[in-house]
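Worksheet: the structure to be examined is printed underneath.
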2 protein chains.
Amino acid sequence: MATTRQGPYFCGIDAAMDVVSGKWKVLILWELHHHGTRRFAELRRGLPGVSEKMLVQHLRELEEDGLVHRKVYAEVPPKVEYRLTEHGVALNTALEPLGTWGTERMRRIGATKVPVAPAPVSRQPS
Amino acid sequence: MATTRQGPYFCGIDAAMDVVSGKWKVLILWELHHHGTRRFAELRRGLPGVSEKMLVQHLRELEEDGLVHRKVYAEVPPKVEYRLTEHGVALNTALEPLGTWGTERMRRIGATKVPVAPAPVSRQPS
DNA sequence: CAGTATCCATTAAGATACTG
DNA sequence: CAGTATCTTAATGGATACTG
């Protein structure tokens, strides 16, 4: 269950890669970075294809690693909000050059973007 | 066998993470970055714990992704040199802030460094 | 030296179904 | 709504023996 990872590491990049390895982790960080705060279901919708299990698991690990803060409201129905911690914000900043490089690479190899789930047209909530 | 990965991706970071996902990839990049050029056996020694299979596999993928150049010398015994391509160098540069963040994180959590294989004391080559 | 080829173990991820 | 609990499959990594 990915017990608290704490090295040993070869170097800083190794240590950083450790906390972001997981299929959806950087995307969760990205999502939180751009929305400031997100609820569980919002994250789920923002990450088309993620399963509940993986989303929870990644969120828990990110929380454990001190990158994400989880705020539970004592309400019914339940309400939980996630946001980046100071360290999470710093990580995101450190990831930006990598994002730029990746965008350039996508252009080079002609990679497609993942199809964005079209907002359901019919069936609007009344 | 990790057929040519080319998306689709959610974003640039996603695309970048794709090419560096693999237990030893960033370490290979790092090693090549700091030595300029390395032979297979040198990389192997520089990455204590890596198996031949993983090293070859990662090198092939990095080559396929255009990050590493492989130069074969027509000699006996065989000699192969690896070095970063222009894109590989750019990726390494983009990884630097992440490395800084990771180093800071290691300090914060008191992570240890992986034990460096001690250079064999006896048995020096004549 | 620089790899291949196998086989096996571990881990990560995905699909449901169910609950406070 | 925000999760748990299981079960299954896919991907990744590792050990070892062998080769041009």
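Keep in mind the model is a prediction, meaning the values are calculated, not measured. Order of the sequence lines fixes the chain letters, A, B, ..., with proteins taken first and strands second; residue numbering starts at 1 for each chain.
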Please identify which of these residues, A:Arg38, A:Arg39, A:Arg44, A:Arg45, meets the salt bridge (charged side-chain N to carboxylate O under 4.0 Å, His left out) condition with A:Glu42.
A:Arg38
Pairing residues for A:Glu104 by the side chain to side chain contact (heavy atoms under 4.5 Å, CB included) criterion, not counting sequence neighbours
A:Arg107, A:Arg108
B:Trp24 CH2 to D:dT12 C1': how many Å, rounded?
13 Å
Rounded distance (Å) that lies between atom P of D:dA2 and atom CZ of A:Arg38
11 Å
Stems field, DNA chain C, Watson-Crick or wobble, 3.5 Å, at least 3 pairs, by first number, holds C:1-20 with D:1-20
Test log, rule side chain to side chain contact (heavy atoms under 4.5 Å, CB included), inputs B:Lys25 and A:Met17:
CA-CA 10 Å; B:Lys25 282 196 182 173; A:Met17 290 300 299; over 6 Å; no
Do B:Ile13 and A:Leu27 come within less than 4.5 Å of each other through their side chains, counting heavy atoms only?
no
Would you say the side chain of B:Gln57 lies within less than 4.5 Å of the side chain of B:Arg60, judging by non-hydrogen atoms?
no
Round to a whole Å and report the spacing from CG of A:Leu55 to C1' of D:dC1.
13 Å
Nearest-Å distance for atom pair CG/C1', residues A:Leu47 and C:dG14
15 Å
For DNA chain C, find the residues of residues 11-23 of chain B with a heavy-atom distance under 4.0 Å and give them by number; none if there aren't any.
none
Rounded to whole Å, please give me the gap between CD in A:Gln57 and P in C:dA15.
14 Å
I'd like to know whether CD of B:Glu75 has more than 12 heavy-atom contacts from other residues, nucleotides or ligands below 6.0 angstrom.
yes
Just wondering, do A:Leu32 and A:Leu43 contact through their side chains at under 4.5 Å, heavy atoms?
yes
I'd like to compare against my own output: the B/S/- annotation of nucleotides 4-10 of chain D with a strict under-4.0 Å heavy-atom distance to protein.
B-B----
Tell me, do B:Tyr9 and A:Arg105 make a side-chain contact under 4.5 Å, heavy atoms counted?
yes
Would B:Val20 and A:Met106 show up in the same hydrophobic cluster when neighbours are defined by side-chain heavy atoms closer than 4.5 Å?
no
Treating Ile, Leu, Val, Met, Phe, Trp and Tyr as nodes and any side-chain heavy-atom pair under 4.5 angstrom as an edge, say whether B:Leu84 and B:Trp24 lie in one connected cluster.
yes
When the distance from NZ of A:Lys71 to C1' of D:dC1 is rounded to whole Å, what number comes out?
17 Å
Applying a strict under-4.5 Å side-chain criterion to I, L, V, M, F, W and Y, I'd like to know whether B:Val80 and B:Val76 cluster together.
no
How long is the straight-line distance from CD of B:Glu61 back to CG of B:Leu67, given to the nearest 0.5 Å?
11.0 Å
Any ring pair (Phe, Tyr, Trp, His ring centres under 6.0 Å) involving residues 63-107 of chain B? Give me the pairs, sequence neighbours left out, ordered by first then second residue.
none
Atom CG of A:Leu27 and atom P of C:dA13: how far apart are they, to the nearest Å?
12 Å
Rounded to whole Å, CD of A:Glu63 lies from P of D:dA2 at a distance of 15 Å
With a 4.0 Å limit, can you tell me whether A:His58 has a side-chain N or O closer than that to the phosphate oxygens OP1/OP2 of C:dA13?
yes
With sugar-phosphate meaning primed atoms plus P, OP1 and OP2, does B:Arg44 contact a base, only sugar-phosphate, or nothing at under 4.0 Å between heavy atoms?
nothing
Would you say B:Arg39 reaches C:dA2's phosphate, i.e. side-chain N/O to OP1/OP2 under 4.0 Å?
yes
So do the side chains of A:Thr85 and A:Val68 get within less than 4.5 Å of each other, counting heavy atoms only?
no
Where along residues 73-85 of chain A does a heavy atom come under 4.0 Å from DNA chain D, residue by residue in number order?
A:Pro77, A:Pro78, A:Lys79, A:Val80, A:Tyr82
